[in-house]
Participant: 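Questions regarding the structure given below will be posed in turn.
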2 protein chains.
Amino acid sequence: MAVMPDIPVPKTPSIAAARREFIDLWGQMANHWGINRTMAQIHALLMVTAEPLTAEQLMEELQISRGNVSMNLRDLINWGIVRRTSTPGDRRDFFTTEADVWAMFQVIMRERKKRELDPLLTRLEECLRLAGKKPESSDSPAERAAHESYVKRVAELRDFFNTFDRLFLRVLDSQPGSLSRAVKIIDKFL
Amino acid sequence: MAVMPDIPVPKTPSIAAARREFIDLWGQMANHWGINRTMAQIHALLMVTAEPLTAEQLMEELQISRGNVSMNLRDLINWGIVRRTSTPGDRRDFFTTEADVWAMFQVIMRERKKRELDPLLTRLEECLRLAGKKPESSDSPAERAAHESYVKRVAELRDFFNTFDRLFLRVLDSQPGSLSRAVKIIDKFL
DNA sequence: CTTTTCCTTCAAAACTTTCTGAAACACACC
DNA sequence: GGTGTGTTTCAGAAAGTTTTGAAGGAAAAG
């Protein structure tokens, strides 16, 4: 079967430069956030392209190997922010990302909560459990002070992240636009 | 002059294990957040210790080199979350971290906003500027569609992060405990 | 059944980040 | 000045992460 025409990647200088700038920006931000640069660039390219893209197009535009594209797409799909689609009559897979920024943000938040916040809370409890109850009166005063300050600070952190967790949950099942409504409400009441 | 007695690091099994657990936890979390593990461990150790510690004690407890301690302390001090203190009659420097979780959180937020969010917003504007105004009517329909979807998505991201930025600002100059008040308010109104 | 096309995997290579230890520095004290 | 004590710096080593490219697999087309 004949290969489809495809390649909707723009050639106009201005838009091409703008796209490169955005891809570069998103890649750099990813670094700050502990995410692999190439993975973020693939995501960026999918975000600014209306049509689904093939692995081939991603390789071409980002100048990276097929294997790299394949593995990073797998991770993006596992994160839930990229979808694989296919067209009848075309053997290639096509990839897209969630168009709606709010929906994308929710997916990312939900995943990070699951991977980071939930384990953090579990392990903070473990930290407190390990410290044991009250220090024995047989312990030296220095020991007892150390115990007390440890428990005090770890418990404060736990309370803090618990509050954070509740905030996450509220934001996660709220409507698009809630973030800006939240800002307005907070403006008014804090 | 005689060396001070010092070393308040606890020897009791339970509390020592709990401290190690917490230091390990904080180090792992740091990785997820794009922060150097050792830096986070130094911070963790200072957090769970009431007394100021010397570089020597940090080396000893974390089993890391003097140079490593020195450089990471410099970074922590630049971040504004660790303070160097000195005692009259002792040539060594002592280090402490902010005791209050909320205050610490604010310092970190403020710094991350300055380093990440502000540049992100500036560069997103640049991405839009580069794309130029309306596409020329001389451009092909495909080009015009590409331009349109690019501008639409980047503008949405900019709006989203702008809202985020405002939320940051509100949280930054609010009182301790505001986070949990915010949760309650949001509960009520969203 | 063979070829073609596309996707995935994985070991090794390339690259990046972090850490060490030795040297340089700083400064109080004699 | 010199000596003792503590800190900083930085080049190179070690560790960790990412990328490549070749091999293997799967499924449609011939």
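Because the structure is a prediction, the values reported are computed rather than measured. Per chain, numbering begins at 1; letters A, B, ... match sequence-line order.
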Participant: Looking at the side chain of A/Asn36, which of D/dT19, C/dT20, C/dC7 is the nearest nucleotide?
Facilitator: D/dT19

Participant: Give the rounded distance in Å between these two atoms: CG of A/Leu73 and P of C/dC6.
Facilitator: 16 Å

Participant: For B/Asn72 and C/dT18, is the shortest distance between a side-chain N/O and OP1 or OP2 below 4.0 Å?
Facilitator: no

Participant: Which residue lies toward the 5' end of DNA chain D, B/Ala55 or B/Met71, if each is placed at its nearest nucleotide?
Facilitator: B/Ala55

Participant: Below 4.5 Å, heavy atoms only, C-beta onward: do B/Met47 and B/Met104 meet side chain to side chain?
Facilitator: yes

Participant: Side-chain N or O of B/Thr54 versus OP1/OP2 of D/dG6: is the shortest distance under 4.0 Å?
Facilitator: no

Participant: Roughly how many Å is it from CG in B/Asp93 to C1' in C/dA26, rounded to a whole number?
Facilitator: 12 Å

Participant: OP1 or OP2 of C/dC6 sitting under 4.0 Å from any side-chain N/O of A/Arg84?
Facilitator: no

Participant: Counting side-chain heavy atoms from C-beta on, which of C/dT8, C/dC19, D/dT19 comes nearest to A/Arg37?
Facilitator: D/dT19

Participant: Check the orientation of B/Trp26 and B/Phe22. Use parallel for under 30°, tilted for 30 to 60°, and perpendicular for over 60°.
Facilitator: parallel

Participant: Considering heavy-atom distances to DNA chain C, does B/Thr38 or A/Gly67 have its closest nucleotide positioned more toward the 5' end?
Facilitator: A/Gly67

Participant: With the side chain of A/Arg92 defined as its heavy atoms from C-beta on, choose the nearest nucleotide among C/dC6, D/dT20, D/dT8.
Facilitator: C/dC6

Participant: Write down the distance between CG (B/Asp75) and P (C/dC19), rounded to a whole number of angstrom.
Facilitator: 11 Å

Participant: Among D/dT7, C/dT4, D/dG4, find the nucleotide with the atom closest to the side chain of A/Arg91.
Facilitator: C/dT4

Participant: Between A/Phe161 and B/Trp33, how do the two ring planes meet: parallel, tilted or perpendicular, split at 30° and 60°?
Facilitator: tilted

Participant: Between A/Asp90 (CG) and C/dC7 (P), how many Å, whole number?
Facilitator: 9 Å

Participant: Rounded off to whole Å, could you give me the CD-to-C1' distance for the B/Gln28 and D/dG16 pair?
Facilitator: 15 Å

Participant: Please give, in whole Å, the distance from D/dG6 C1' to B/Gln57 CD?
Facilitator: 14 Å

Participant: Does B/Arg115 qualify as a cation-pi partner of B/Trp79, given the criterion of NZ or CZ under 6.0 Å from the six-membered ring centre and within 45 degrees of its axis?
Facilitator: yes

Participant: So which nucleotide from C/dT20, D/dT20, C/dT8 ends up closest to the side chain of A/Ser65?
Facilitator: D/dT20

Participant: To the nearest angstrom, how far is A/Asn31 atom CG from C/dT17 atom P?
Facilitator: 7 Å

Participant: Rounding to a whole Å, what distance do you find between A/Arg74:CZ and C/dT9:C1'?
Facilitator: 8 Å

Participant: Hydrophobic clustering (ILVMFWY, side-chain heavy atoms < 4.5 Å, transitive) - are B/Leu167 and A/Leu169 grouped together?
Facilitator: no

